[in-house]
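To keep things clear, I will list the structure first and then write my remarks on it.
Keep in mind the model is a prediction, meaning the values are calculated, not measured. Remember, it's 1-based here, ligands and their atoms both numbered in the order they're listed. Note: hydrogens, waters and symmetry copies are ignored here, and every other heavy atom, side chains too, is used.
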Amino acid sequence: MLTGHHASSSFARKITKRLQPGNGPIGRLLPHRPRLLPVSEASTPGSVPRIVVGAAIRDGRAILAAARAYPPALAGLWEFPGGKLEPGETEAEALRRECREELGVDITVGERVTGDLSTGDGRHLLRVYYAALAGGEPHAKEHAELRWLRPEELDSVPWLPGNRPAVDAIREALGAEDSGPRP
Ligand SMILES: Nc1nc2c([nH]c(=O)n2[C@H]2C[C@H](O)[C@@H](COP(=O)(O)OP(=O)(O)OP(=O)(O)O)O2)c(=O)[nH]1
């Protein structure tokens with residue numbers, strides 16, 4: 001015969017089992033417990049996509065494009081000056097720092113060009129902002145070459161693949177500014 005203790009622990013076991021995700025009428029309503037990842041698969045800072053910011057620096061209807069000098073796989077492809085966010089830095093701070101380092105200029109940061117993009121290797125989130133020069137003349141301190149491109153010239157250089165939607169948006173925005181009524 002079951003003692004009170006055995007009876008209650010067997011009852012407790014039953015209830016506990018019925019409350020497991022996926023079991024019994026109540027358990028079926030519970031979310032499945034997330035699979036525990038082995039340490040090697042768990043989210044680590046290295047596996048979280050890092051944000052890369054790019055500055056579409058504008059002068060009138062022209063945008064400053066920069067040819068990468070390195071690494072070899074990206075050398076010769078064109079991008080917006082910028083780079084990865086450092087810990088604790090805002091996106092505007094990162095853009096101003098990168099433009100000082102890469103071009104030797106101060107900039108003011110404006111509106112986002114598009115929503116989040118993915119870099120060609122899928123490892124980073126790319127966020128491109130319009131910007132304007134606020135001091136100095138750009139020099140290629142880290143790039144192979146710099147060019148000012150008007151909307152109709154934007155396709156004259158091979159862009160990094162992830163930049164395509166931003167380049168298209170810029171061409172459309174700056175091109176539209178020129179398509180107003182003519183005298
Ligand atoms: N700066 C920049 N990087 C871009 C653009 N488009 C794009 O796919 N990328 C990619 C290239 C790289 O894989 C990554 C940014 O790397 P980066 O080398 O510019 O970053 P960083 O200046 O912080 O460099 P590092 O200190 O890690 O060497 O994002 C873009 O328009 N500008």
| message | I'd like to know if the side chain of E102 reaches the main chain of G82, judged simply by a donor and an acceptor atom lying under 3.5 Å from each other, with no hydrogens or angles considered. | response | yes

| said: Taking distance alone, with N or O pairs closer than 3.5 Å, would you say H124 contacts ligand 1? | reply: no

| message | Below 3.5 Å, N or O to N or O, backbone or side chain included: is there any such pair between V52 and ligand 1? | response | no

| query | With backbone taken as N, CA, C and O and side chain as the heavy atoms from C-beta onward, which portion of R123 lies under 4.0 Å from ligand 1: side chain, backbone, both, or neither? | reply | neither

| Are any non-hydrogen protein atoms located under 4.0 Å from atom 26 (O) of ligand 1? | no

| Any idea which atoms of ligand 1 are less than 4.0 Å away from a heavy-atom of N163? | 5 (C), 6 (N), 7 (C), 8 (O), 30 (C), 31 (O)

| query | Does ligand 1 have an atom under 4.0 Å from some heavy atom of E98? | reply | yes

| task | Would you give the length of the straight line joining atom CD1 of I63 to atom CD of E153, rounded to the nearest 0.5 angstrom? | result | 12.0 Å

| Closest heavy-atom pair and its distance - G162, L117 | O-CD1, 3.7 Å

| Ligand-side contact atoms (ligand 1) for residue partner F80, heavy atom cut-off under 4.0 Å | 1 (N), 2 (C), 30 (C), 31 (O), 32 (N)

| remark: Residues A166 and V113: closest non-hydrogen pair is O-CG1, 3.7 Å

| request: Search all heavy atoms of R171 against all heavy atoms of P151 and return the closest pair with its distance. | output: CG-O, 3.5 Å

| query | Which heavy atom of P138 sits nearest a heavy atom of V105, and at what distance? | reply | N-CG1, 3.4 Å

| Do E145 and W78 touch side chain to side chain, with heavy atoms closer than 4.5 Å? | yes

| note | T119 heavy atoms within 4.0 Å reach ligand 1 at atoms 7 (C), 8 (O), 9 (N), 10 (C), 29 (O)

| task | Quick one: closest heavy-atom pair of R112 and T114, and the distance? | result | NE-O, 3.0 Å

| note | G83 heavy atoms within 4.0 Å reach ligand 1 at atoms 1 (N), 19 (O), 20 (O), 21 (P), 22 (O), 23 (O)

| field | Donor-acceptor contact below 3.5 Å, side chain W159 vs main chain L154 | value | yes

| Which bit of V128 gets closer than 4.0 Å to ligand 1, counting heavy atoms only: side chain, backbone, both or neither? | neither

| Quick one: does K84 get an N or O within less than 3.5 Å of an N or O on ligand 1? | yes

| query | Is R68 near ligand 1, meaning one of its heavy atoms is under 4.0 Å from it? | reply | yes

| field | E137 atom CD, over 12 foreign heavy atoms within 6.0 Å | value | no

| Protein residue, atom and distance nearest to atom 2 (C) of ligand 1, heavy-atom basis | E79 OE1, 3.1 Å

| Residue L160 vicinity, atoms of ligand 1 by number, heavy atom under 4.0 Å | 4 (C), 5 (C), 6 (N), 7 (C), 8 (O), 9 (N)

| request: Below 4.0 angstrom from a heavy atom of G82, which ligand 1 atoms are there? Numbered from 1 as shown, please. | output: 1 (N), 19 (O), 22 (O)

